[in-house]
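Have a look at the structure below before the remarks.
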Amino acid sequence: MLRTHNCGELRKTDAGQTVTLCGWVDKYRDHKGIVFIDLRDRYGRTQIKFNLADDSDIQKTAWQLRYEDVIQVSGEVTARPDDMANPKLPTGEIEVHAAALDVLSKSKTPPFEPDGQNLPNEELRLKHRFIDLRRQELQQAMQVRHRLTKAVRDYFDELGFLDIETPILGRSTPEGARDYLVPSRVHHGEFYALPQSPQLYKQLLMVAGFDRYFQIARCFRDEDLRADRQPEFTQIDVEMSFIERDDLIETIDGLVAAMAESARGESISLPLPRYTYHDVMERFGSDKPDMRFGMELVDIAEVAGDCDFGVFKNTIAAGGRVRGLNAKGAADKYSRRILDNDFKNLVGEYGAKGLAYFKVTDGKLDSSIAKFFGEEQQRSIIQKLGGENGDLLLFVADSDKVSSAALAALRNHLGRDLELYDPSEIQCCWIIDFPLVTWNEEEQRWDAEHHPFCSVVPEDVPLLETDPGKVRALSYDLVCNGYEAASGSIRIHDAAVQQKVFDLLNISAEEAERRFGFLLEGLRYGAPPHGGIALGLDRWVMLFCGYDNIRDVIAFPKTQRASDLLTGAPSTVDDRQLRDLQIRVVE
RNA sequence: GGGGCCGUAGCUCAAUUGGUUAGAGUACCGGACUGUCGAUCCGGGGGUUGCGGGUUCAAGUCCCGUCGGCCUCGCCA
């Protein structure tokens, strides 16, 4: 070993010991006759003292030290005089009095310093990711990530789950997300697809009798990115046999508690609350509501349909909805310009054509459109939204879909902006009873909400033929702070029900056979009732770290256009490689 | 595919209505300094204002295009 201790562990009680430390020069303070170095590794920082009187050769080298040089220092641990201790550092009560110094590796002047001050733009940080990763936030994230995956493995191991790997090179199944394709050299013109998830494999593992499976699986989706989406990401993939929905949910409740314990040392009270899809869509306008605060949506259809405000009245007449929310005490918080521009644009992104708002003043509505509402109607609106003087009431009148999306976004914005919750808090809940299918207006057909193998609430099976939109799926999402953090379902193992679902989705027998024949064939050879779930590992790490960007918890992430600025991927390849694959690039 | 924000010294930023030689802090280089911990003080070097075109007597600033980064709608069974 080139060191006896790390840079975070020495304390006053170690005074007198001779130690050797290795690390990066984090700061240097050169007083000519005395030089201080803060030596950094991933465990912490320790002050090293170089004294002119001791050894002029060492001192000469110490004068040359610059940021991010890697050095090895030996010397005696010395207690600092009380008035010279640094309370900001855990090691601040001691310093190492250098008797030997070896520069292990000189650093070029770094493009930026990983001290977290004046953080450069992300482009530069991604280009020099090896430096960015020295920053405390990223070091922290990698540690949380490690602890989390270890907790996951330990938890499932305790419960008798087997960790089984599934192929990365698989067959393309052209529904859902766009596949990343890998050309085959041996089979001209044919391609593998990277897995969007191990979904079909894990169902076959159930058929094979591995009744408790989990895997920390890399997944790939060639879709446009977001702050919480990367083209390759990691799922905690789980599948169980001979279980019902609640068994799975309880198992995952325990997993979430174990993860929270390991990542943050927090105990989460179980069971996690469960809400139905219908319930949260009505109350929050979203199937992934942020439960850290209230501010629920309120329907004012009765008043709106009867008032003189054309937008409201016509929306109700056309079968739309008028709903609003109450920003408590925010009447004077937002200027008219912000309301008419920023807020209107915000809801406009979701298709809302406008935003109506009132301030509650003297028990009445105060707004340019208040005149369209009678005294009784104003009282009714205020009462429905629990309005008090000083409150700001905001309304969107539109279709169910648009008003939900717009108000959900507005609610999230207001919740954050009005600081209605502690941003370090974690609030998880289950969303259950999703609709099995949703009507696709453009294509004039029913689409699976989850996937075509998702099972049905037994009492709803007859509805498959009469009222498909009302059929509830045996699927469930785990939502955390407004993010979809896990999603799963009980799968169909009954051929007759599967056929009904395929019929509903307009998937012919030939088409089903062509698309997922290998799964269907497997299910014909004794398939146990089974179900599972997949948790987005990256998102959980992000949530547990309190970050709002998934790139901050991935060691080597990609940009929004899916390029890796560090390595330059994707890149062109040699003609010879293309020849082998019989692929030609066309302009 | 659509909408929005951004790009000036290695880095973080400034630069009036379009107007002198594009500035500051930090980093870097040199000097001073034996108790600092964002060390301090003195001095110095450092610019294709992302790139290309246009308007103008004059462009970092205005216009068009393009490249790159971020946020977002669509998309993500």
Side-chain angles (χ1 to χ4, degrees), chain A residues 26-38 45-54 59 63-64 66-68 78 80-81 83-89 91-92 95 97 108-128 131 173-179 196-197 199-200 219-231 233 341-342 345-352 402 405-406 409 413 434 436-438 440 442 446-454 473 475 484 487 489 501 505 507 515-516 536 548-549 551 558-561 563 565:
Chain A
D26 192 62
K27 280 282 185 305
Y28 61 91
R29 294 177 290 278
D30 180 357
H31 295 241
K32 186 93 166 199
I34 186 167
V35 175
F36 297 102
I37 299 285
D38 289 342
R45 283 185 292 161
T46 299
Q47 176 164 282
I48 313 294
K49 184 179 108 176
F50 299 88
N51 199 323
L52 183 61
D54 296 338
Q59 190 72 355
W63 286 331
Q64 309 299 320
R66 291 297 179 268
Y67 292 144
E68 302 307 314
T78 316
R80 300 198 211 175
D83 57 332
M84 288 163 196
N86 183 353
K88 291 184 205 161
L89 289 183
T91 61
E95 63 198 357
H97 194 148
K108 285 173 66 178
T109 300
F112 61 96
E113 287 156 47
D115 60 3
Q117 312 249 325
N118 285 338
L119 204 58
N121 70 58
E122 196 167 358
E123 194 174 348
L124 191 81
R125 287 165 43 208
L126 288 171
K127 227 172 256 173
H128 304 271
I131 293 172
T173 53
E175 45 283 319
R178 206 174 285 116
D179 282 325
Q196 296 173 23
S197 79
Q199 180 64 36
L200 304 182
C219 305
F220 307 85
R221 294 181 187 174
D222 188 4
E223 295 291 347
D224 288 343
L225 307 181
R226 290 286 186 282
D228 63 345
R229 287 185 350 211
Q230 279 277 299
F233 61 101
N341 291 317
D342 298 10
N345 291 342
L346 175 70
V347 297
E349 279 181 44
Y350 299 85
V402 168
H413 176 78
F434 279 81
L436 182 74
V437 292
T438 47
N440 183 331
E442 280 164 39
W446 293 103
D447 282 344
E449 174 76 18
H450 188 59
H451 61 59
F453 315 107
C454 178
S475 64
E484 181 192 309
S487 181
S489 66
V501 172
L505 296 173
I507 299 176
R515 286 206 212 164
F516 352 88
D548 55 11
N549 194 304
R551 292 185 298 277
K558 292 183 175 55
T559 70
Q560 193 169 49
R561 296 190 65 236
S563 38
L565 298 180

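Values reported hereafter were calculated over all heavy atoms of this structure, with side chains retained and with hydrogens, waters and symmetry mates removed. We name chains A, B, ... by the order of the sequence lines, and we start the count at 1 in each one. Note that the structure is predicted; figures quoted are calculated from it, not measured.
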If the condition is ring pair (Phe, Tyr, Trp, His ring centres under 6.0 Å), which residues does A:Tyr67 pass it with, not counting sequence neighbours?
A:Tyr28

Strictly by salt bridge (Lys or Arg N to Asp or Glu O under 4.0 Å), give each pair with a member in residues 26-35 of chain A just once, sequence neighbours left out.
A:Asp26-A:Arg40, A:Asp26-A:Arg45, A:Lys27-A:Asp115, A:Arg29-A:Asp38

Residues forming a ring pair (Phe, Tyr, Trp, His ring centres under 6.0 Å) with A:Phe453, sequence neighbours excluded
A:His451, A:Phe516

Under a 4.0 Å heavy-atom criterion, the protein footprint on nucleotides 40-47 of chain B, written with B, S and -, is --------

Go through the structure and list residues passing side-chain contact (heavy atoms from CB on, under 4.5 Å) with A:Asn86, not counting sequence neighbours.
A:Arg80, A:Lys88, A:Leu89

Output all residues satisfying ring pair (Phe, Tyr, Trp, His ring centres under 6.0 Å) with A:Phe434, sequence neighbours left out; order by chain, then residue number.
A:Tyr277

Identify, with sequence neighbours excluded, every residue that meets side chain to side chain donor-acceptor pair (under 3.5 Å) alongside A:Ser487.
A:Asp477

Set out, line by line, the N/O atom pairs under 3.5 Å between protein and nucleotides 23-30 of chain B.
from: B:rC28; atom 1: OP1; to: A:Tyr28; atom 2: OH; distance (Å): 3.3
from: B:rC28; atom 1: OP2; to: A:Tyr28; atom 2: OH; distance (Å): 3.1
from: B:rC29; atom 1: OP2; to: A:Arg66; atom 2: NE; distance (Å): 2.9

Output one line per pair: protein atom, nucleotide atom from nucleotides 67-70 of chain B, and distance, for all N/O pairs under 3.5 Å.
from: B:rG68; atom 1: OP1; to: A:Arg561; atom 2: NH1; distance (Å): 3.0
from: B:rG68; atom 1: OP2; to: A:Arg561; atom 2: NH1; distance (Å): 3.2
from: B:rG68; atom 1: O2'; to: A:Glu123; atom 2: OE1; distance (Å): 3.4
from: B:rG68; atom 1: O2'; to: A:Glu123; atom 2: OE2; distance (Å): 2.4
from: B:rG69; atom 1: OP1; to: A:Thr559; atom 2: OG1; distance (Å): 3.1
from: B:rG69; atom 1: OP1; to: A:Ser563; atom 2: OG; distance (Å): 3.2
from: B:rG69; atom 1: O4'; to: A:Glu123; atom 2: OE1; distance (Å): 3.2
from: B:rC70; atom 1: OP1; to: A:Gln560; atom 2: N; distance (Å): 3.2
from: B:rC70; atom 1: OP2; to: A:Gln560; atom 2: N; distance (Å): 2.9
from: B:rC70; atom 1: O3'; to: A:Arg551; atom 2: NH2; distance (Å): 3.0

For A:Pro120, enumerate each residue passing the side-chain contact (heavy atoms from CB on, under 4.5 Å) test, keeping only those at least two apart in sequence or located in another chain.
A:Phe112, A:Leu124, A:Arg125

Of all residues at least two apart in sequence or in a different chain, which pass the side chain to side chain donor-acceptor pair (under 3.5 Å) check with A:Asn440?
A:Asp447

Partners of A:Thr559 by side chain to side chain donor-acceptor pair (under 3.5 Å), sequence neighbours excluded?
A:Ser563

